[in-house]
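Residue numbering restarts at 1 for every chain, and letters A, B, ... go by the order of the sequence lines. For clarity, every value in this text was computed on a predicted model and none was experimentally measured.
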2 protein chains.
Amino acid sequence: MRRTDRLFDIIQILRDGKLHRAQDIADRLEVSVRTIYRDMDTLVASGVPVEGERGVGYMVREQITLPPLNLTPAELKALNLGMAIVAEAADPDLKTAAESLADKIDAVLPTQVVAEADTWKFAVYPFADAARGLAHMAPIRSAIKSRQKLQLSYRRIDGVLTERTIRPLHMEYWGRVWTLTAWCELRAGFRVFRIDLIEAVSPLPELFTDEPGKRLSDYDPQG
Amino acid sequence: MRRTDRLFDIIQILRDGKLHRAQDIADRLEVSVRTIYRDMDTLVASGVPVEGERGVGYMVREQITLPPLNLTPAELKALNLGMAIVAEAADPDLKTAAESLADKIDAVLPTQVVAEADTWKFAVYPFADAARGLAHMAPIRSAIKSRQKLQLSYRRIDGVLTERTIRPLHMEYWGRVWTLTAWCELRAGFRVFRIDLIEAVSPLPELFTDEPGKRLSDYDPQG
DNA sequence: TTCCAACTGACAGGTTTATGTCAGTTATTG
DNA sequence: CAATAACTGACATAAACCTGTCAGTTGGAA
């Protein structure tokens, strides 16, 4: 676990909020600079809010981070209700905070309407290692919202790279990986993609509308 | 990443909520039973709510799991406020849910009082791999609350096993690892322990009180 | 333009990790 | 009691990963 320990050390070094050069960190931890660059990749991929700037160095944006949480449906309901109430508050800062928190939670839950108990059967599980496809998530989410078709380069588990046009419907966190449920125009069927296996996404100008048989509600995971 | 893929597959197999024998999973994924047992360990260590029963098989308890979340201090405040409001609600189910959510969040944040902006400078970072010391966390938390001294077997990074009596003060999540800040009676000083490196904890009958110089507020991480 | 330091890709080791096999033990059910 | 299936430990081998080295490129600031 030497590497793991080093990653921990790097976080400790960075948490003073000051600038640090990769070279300095490398000297201090007695590894090569190259290794530090690789470690920074790992940290970023793991969600540590560290930022590097060429010619400058590394810094962390300070934030509070919650580890994976297991909630019951009732707790989630309480959470949503609470945010709705606070969002009505007079204090503009609190109002904004409540709204953005609600958005974050929303973003992280199945995009499906967040209420029916049935939905929770397809629950999400904590894990983490692959926040790999992180970069793709923003465009995917916005495409789901705006009902915009996507061009997808997807590397299947067997290593084959495929190109498809899809209607993105639903994102889900499986703890270890995020998945994207979509209607695939190529296969004319529902497909679930692992976001960490997506090579590239680009939004297409084409929009899509609800068509019977192509909606999320028509999708039967067991089928 | 073969192993990672298999772990994902196991979750998918288990998520039907039915019983599964290790042997069946092993056959289906074309690995040995031994490997499945090891995988189950990994899943449990990663927080997946899977349960094995001898002579029976494996099942998952269904739950909603939130991935690591980055919050601003304002968002956390909104969250706490929201839960406090909902906890006053008439509906007993909602009340209970709000209370337990508040507890969960509380349990996961620095044990230090959860309000001052300064506190957040020692933020927590998401990660995950080592939820190793998970089992120790409950006794440690309760010892912090009840101000009970702990007997600690701690394996230092250099591999040396040490025994100490400590006053547990504060737990913190660093994304990759949890840490325990404590007053160490052996060294007569503050020490930060990584919970994943703790071999064993046992609560001692002895209680401790606030003594000048031995309180969390006397601890200067930079010193 | 030059300097700086972050970044990237490739490659050859060395080390670590994962896996299967085997030989057990333990808790539960009938 | 026997049967079942989860669990554990040890060990050799194979596969994956980590690391340093080297030779670049990129973007910002002076």
Side-chain angles (χ1 to χ4, degrees), chain A residues 1-11 13-14 18-46 48-61 127-130 132 134-135 155 157-159 176 196-197 199-200, chain B residues 1-10 13-14 18-46 48-61 127-130 132 134-135 157-159 176 196 199:
Chain A
M1 275 285 174
R2 273 246 315 157
R3 180 168 168 262
T4 310
D5 291 334
R6 193 182 54 240
L7 291 172
F8 181 67
D9 289 344
I10 291 176
I11 293 177
I13 289 172
L14 288 176
K18 293 179 192 148
L19 263 176
H20 293 272
R21 299 186 320 137
Q23 185 62 63
D24 296 338
I25 299 173
D27 291 346
R28 187 151 158 200
L29 302 180
E30 297 176 325
V31 290
S32 73
V33 195
R34 184 64 243 248
T35 298
I36 297 298
Y37 290 133
R38 277 191 279 243
D39 287 347
M40 290 302 180
D41 272 355
T42 307
L43 290 175
V44 169
S46 305
V48 176
V50 52
E51 275 168 355
E53 207 173 329
R54 290 168 197 270
V56 181
Y58 289 100
M59 273 187 69
V60 284
R61 313 185 297 280
F127 221 93
D129 115 31
R132 243 181 296 166
L134 221 66
R155 187 169 298 281
I157 293 192
D158 58 19
R176 248 166 22 72
D196 60 313
L197 298 181
E199 299 270 319
Chain B
M1 275 287 171
R2 274 247 314 158
R3 179 169 168 262
T4 309
D5 292 334
R6 192 182 54 241
L7 292 172
F8 181 66
D9 288 344
I10 291 176
I13 289 172
L14 289 175
K18 294 179 192 147
L19 264 178
H20 293 270
R21 299 185 320 136
Q23 184 62 62
D24 296 339
I25 299 173
D27 291 347
R28 185 150 157 200
L29 301 180
E30 297 177 326
V31 289
S32 74
V33 195
R34 183 66 243 246
T35 298
I36 297 298
Y37 290 133
R38 277 190 280 243
D39 286 347
M40 290 302 181
D41 272 356
T42 308
L43 290 175
V44 169
S46 304
V48 176
V50 53
E51 275 167 356
E53 209 173 326
R54 290 170 198 266
V56 181
Y58 289 101
M59 273 189 68
V60 284
R61 311 185 297 280
F127 222 90
D129 117 30
R132 242 180 299 167
L134 220 66
I157 292 192
D158 59 18
R176 245 164 28 69
D196 60 313
E199 299 269 320

Taking all heavy atoms of [X] and all of [Y], pick out the closest pair and write down the distance.
X     : Y     : result
B:L19 : B:G57 : CD2-C, 3.8 Å
A:A22 : A:Y58 : CB-CE1, 3.9 Å
B:H20 : B:K18 : CD2-O, 3.2 Å

Between atom [atom1] in [X] and atom [atom2] in [N], what is the gap in whole Å?
X     : N      : atom1 : atom2 : value
A:L19 : D:dA29 : CG    : C1'   : 14 Å
A:D39 : D:dC17 : CG    : C1'   : 13 Å
A:E30 : D:dG20 : CD    : P     : 11 Å
B:I10 : C:dA18 : CD1   : P     : 13 Å
B:L7  : C:dT17 : CG    : P     : 16 Å
A:L43 : C:dA6  : CG    : C1'   : 15 Å

Checklist line | End-to-end axis angle, where each axis spans five pairs of the helix from C:dT1-D:dA30 to C:dG30-D:dC1, to 10° | finding: 60°
Next item on the list: To the nearest 0.5 Å, tell me how far A:R34 CZ sits from A:D39 CG.
Entry: 10.5 Å
Notebook entry, point to check: Looking at CD1 of A:I36 and CD of A:Q23, how far apart are the two atoms once the value is rounded to the nearest 0.5 Å?
Noted result: 9.5 Å
Check: Can you give one letter per nucleotide of nucleotides 2-13 of chain D, going 5' to 3': B for a protein heavy atom under 4.0 Å from the base, S for sugar-phosphate only, - for none?
Finding: --BBBBBBB---
Close side-chain approach of [X] and [Y], heavy atoms under 4.5 Å:
X     : Y     : answer
A:Y37 : A:V33 : yes
B:M40 : B:I10 : yes
B:I13 : B:L29 : yes

